[in-house]
Amino acid sequence: MKISEIITGWYKKNRRSLPWRATRDPYRIWLSEVILQQTRISQGTAYYQAFVGRFPDINALAGASEQEVIKLWQGLGYYSRARNLHAAARQVVGDLDGMFPASRDELLNLKGIGPYTAAAIASIAYNEPVAAVDGNVARVISRLFAIDTPVNTPKGEKEISGMAETLLDRDDPGEHNQAMMEFGALQCVPVNPDCHGCPLNSLCRAFAEDRVAELPVKLKKAKIKKRYFTYMVISHQKHTYIERRTSDDIWKELYQFPLTEHDTLPKEEEIPGIVEARIGALPEMLFGGTPHELGKPRFSIYTHEQDRPQYSNEPHDQGKPRFSIHHISEPVKHQLTHQLITARFVHVEITEKGFRAPVGWERVPPEKVGEYPLPRLIDRYLEMEDGAPG
DNA sequence: TACACGTGGAT
DNA sequence: TATCCAAGTGT
């Protein structure tokens with residue numbers, strides 16, 4: 001029996017019943033593939049259901065605002081996928097007269113669709129005989145043929161994809177590709193696979209050579225960088241302020257409380273100065289400080305705990321806004337693939353009546369913050385705050 | 001080409 | 001706790 005037949009036979013018995021396997025609609029298959037990029041099925045399934053429910057076809061997706069799409073994507077990570085998904089929907093509706101690309105080569109022209117996703121859609125939706133190589137397939141092939149070229153290099157990728165094309169069942173490429181991926185996901189798992197119960201063990205070179213555990217070979221990733229954020233949760237006349245992240249950095253197009261970043265973790269007693277630098281440094285014209293207020297506190301700390309640090313009140317500088325710091329959170333850690341973020345949330349009350357937000361800040365009622373797309377770090381903070389106010 | 005881009009679960 | 005990983009793509 002050929003390898004493809006064995007794996008397909010295994011697949012027919014072991015395949016999971018998944019929502020996107022019940023359709024041939026290219027749009028829904030595309031949606032599922034993008035959601036599942038670098039994402040576990042257990043995490044992505046609910047998002048797929050939500051997207052299909054809210055955007056049942058590509059016209060609905062193209063007609064939505066980017067912000068709404070990102071909001072629905074919130075918590076899934078890799079937000080460029082959401083931006084590209086939305087942009088691609090508009091490409092299809094606007095430039096292609098609503099005709100979804102029907103070949104791998106055409107699919108590759110859409111934002112967010114690369115070699116894997118193009119092959120997956122083309123084979124599953126259109127029966128195009130192209131091999132889809134994802135992490136699962138690469139692992140299966142590297143073990144079957146004991147390929148120890150690092151799979152995350154161009155050379156390794158070519159070797160793997162070459163073998164994938166050779167193995168491909170051209171009569172039923174969609175079924176074949178899904179079988180390969182499912183086999184990798186359930187049988188040929190990364191750690192401690194059940195090789196003795198594997199229908200391919202007699203054909204597997206890695207098994208024969210006892211090298212299963214060392215394959216596939218991957219080049220190690222870049223070192224994790226540490227970043228330190230201070231978020232200012234501002235209270236001003238029953239409103240707070242948020243800003244949109246626009247630079248090419250993490251969380252692009254998501255919202256956050258006004259943020260100052262540091263090279264090292266600031267001590268708690270440094271926080272007032274940090275807030276001062278951000279809020280107090282705004283153009284003094286905007287705050288309407290008046291001379292008769294000289295001598296009043298520029299900022300102050302309120303705390304009911306005796307052993308908390310106390311900060312002396314400094315004389316009020318003319319023209320600077322007055323504010324009070326009500327709470328400084330402990331540092332909160334948030335782990336990303338290449339970054340470890342340590343953040344503090346500082347509750348700042350601006351008591352200056354003439355305060356006007358600078359350009360880029362959006363003035364919103366606190367209860368509306370949750371309607372904006374937020375990084376998990378901030379969303380989680382909001383959840384905590386809801387549970388324990390103050 | 002090497003690296004950045006999120007999150008949550010497994011080991 | 002640290003590390004790796006999961007249906008990759010864009011620059």
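What's counted below: heavy atoms across the whole structure, side chains too, no hydrogens, waters or symmetry copies. If you're wondering where the values come from, they're calculated on a predicted model, not measured in any experiment.
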Interatomic distance, A/N152 CG vs C/dG10 C1' [rounded to whole Å]: 17 Å
Geometric class of the A/W10/A/F183 ring pair [parallel <30°, tilted 30-60°, perpendicular >60°]: perpendicular
Residue closer to the 5' end of DNA chain C, A/Q43 versus A/I113 (nearest nucleotide): A/Q43
Whole-Å distance separating the CH2 atom of A/W30 from the C1' atom of C/dG8: 16 Å
Touch class at under 4.0 angstrom, heavy-atom based, for A/G114 against every strand present: sugar-phosphate
Sugar-phosphate only, base, or nothing, as touched by A/N192 at under 4.0 Å among non-hydrogen atoms: nothing
Candidates C/dA6, C/dT9, B/dA4 - which lies nearest the side chain of A/Y116: C/dT9
P-based separation of B/dG6 from C/dT11 [nearest Å]: 14 Å
Touch class at under 4.0 angstrom, heavy-atom based, for A/G44 against every strand present: nothing
Proximal nucleotide (of B/dT7, B/dG6, B/dC5) relative to the A/Q339 side chain: B/dC5
Strand DNA chain B as a dot-bracket string - pairs counted if Watson-Crick or G-U with both distances under 3.5 Å, | where the partner lies in another strand: .||||.|||||
Separation of C/dC5 C1' from A/Q37 CD (nearest whole Å): 16 Å
Sugar-phosphate, base or nothing in reach of A/I41, heavy atoms under 4.0 Å: base
Euclidean distance, atom CZ of residue A/R380 to atom P of B/dT7 [Å, nearest integer]: 8 Å
Validation row, ring centre A/F355 to ring centre A/Y241 under 6.0 Å: yes
Between C1' of B/dA4 and NZ of A/K252, the distance in whole Å: 13 Å
Check: A/F207 ring centre within less than 6.0 Å of A/H196 ring centre: yes
Proximity to the side chain of A/D134 - top-ranked nucleotide from C/dG8, B/dG8, B/dG6: C/dG8
Nucleotide of C/dG10, B/dG6, C/dA6 approaching A/P190 most closely (side-chain heavy atoms): C/dA6
Touch class at under 4.0 angstrom, heavy-atom based, for A/Q335 against every strand present: base
Below 4.0 Å: OP1/OP2 of B/dG6 and any side-chain N or O of A/H334: no
Check: A/W73 ring centroid to A/Y78 ring centroid under 6.0 Å: no
Closest-nucleotide ordering on DNA chain B, the 5'-leading residue of A/Q38 and A/S42: A/Q38
Touch class at under 4.0 angstrom, heavy-atom based, for A/D248 against every strand present: nothing
Sugar-phosphate, base or nothing in reach of A/W20, heavy atoms under 4.0 Å: base
Sugar-phosphate, base or nothing in reach of A/R83, heavy atoms under 4.0 Å: nothing
Phosphate contact (B/dA4 OP1 or OP2) by A/Y78 side-chain N/O below 4.0 Å: no
Sugar-phosphate only, base, or nothing, as touched by A/K333 at under 4.0 Å among non-hydrogen atoms: nothing
Touch class at under 4.0 angstrom, heavy-atom based, for A/R40 against every strand present: base
Ionic contact status for A/E362 with A/R244, cut-off 4.0 Å: no
Sugar-phosphate only, base, or nothing, as touched by A/T117 at under 4.0 Å among non-hydrogen atoms: sugar-phosphate
Touch class at under 4.0 angstrom, heavy-atom based, for A/L336 against every strand present: base
Partner of A/F257 under side chain to side chain contact (heavy atoms under 4.5 Å, CB included), chosen from A/V369, A/T230, A/L374, A/I234: A/V369
Most 5' of A/K111 and A/S32 on DNA chain C, judged by nearest nucleotide: A/S32
Side-chain N or O of A/W251 closer than 4.0 Å to phosphate OP1/OP2 of B/dT7: yes
Side-chain N,O (A/R81) to OP1/OP2 (B/dC5) below 4.0 Å: no
Parallel, tilted or perpendicular: rings of A/Y381 and A/F345 (30°, 60°): parallel
Out of C/dA6, B/dA4, B/dT7, whichever nucleotide has its closest atom nearest the side chain of A/H338: B/dA4
Between C/dT11 (C1') and A/N84 (CG): distance, integer Å: 12 Å
N/O donor-acceptor pair, side chain A/S80 with base C/dG10, under 3.5 angstrom: no
Rounded distance (Å) that lies between atom C1' of B/dA2 and atom NZ of A/K218: 16 Å
SB check A/K267 A/E269 (cutoff 4.0 Å): no
Verdict with reasoning, A/R28 to A/F51, per side chain to side chain contact (heavy atoms under 4.5 Å, CB included): CA-CA 9 Å; A/R28 296 193 178 201; A/F51 268 79; over 6 Å; no
Ring centre gap for A/H327 and A/H347 strictly below 6.0 Å: yes
Spacing between A/L374 atom CG and B/dT7 atom P, to the nearest angstrom: 11 Å
Nearest-Å distance once atom P is located in both C/dC4 and B/dC3: 15 Å
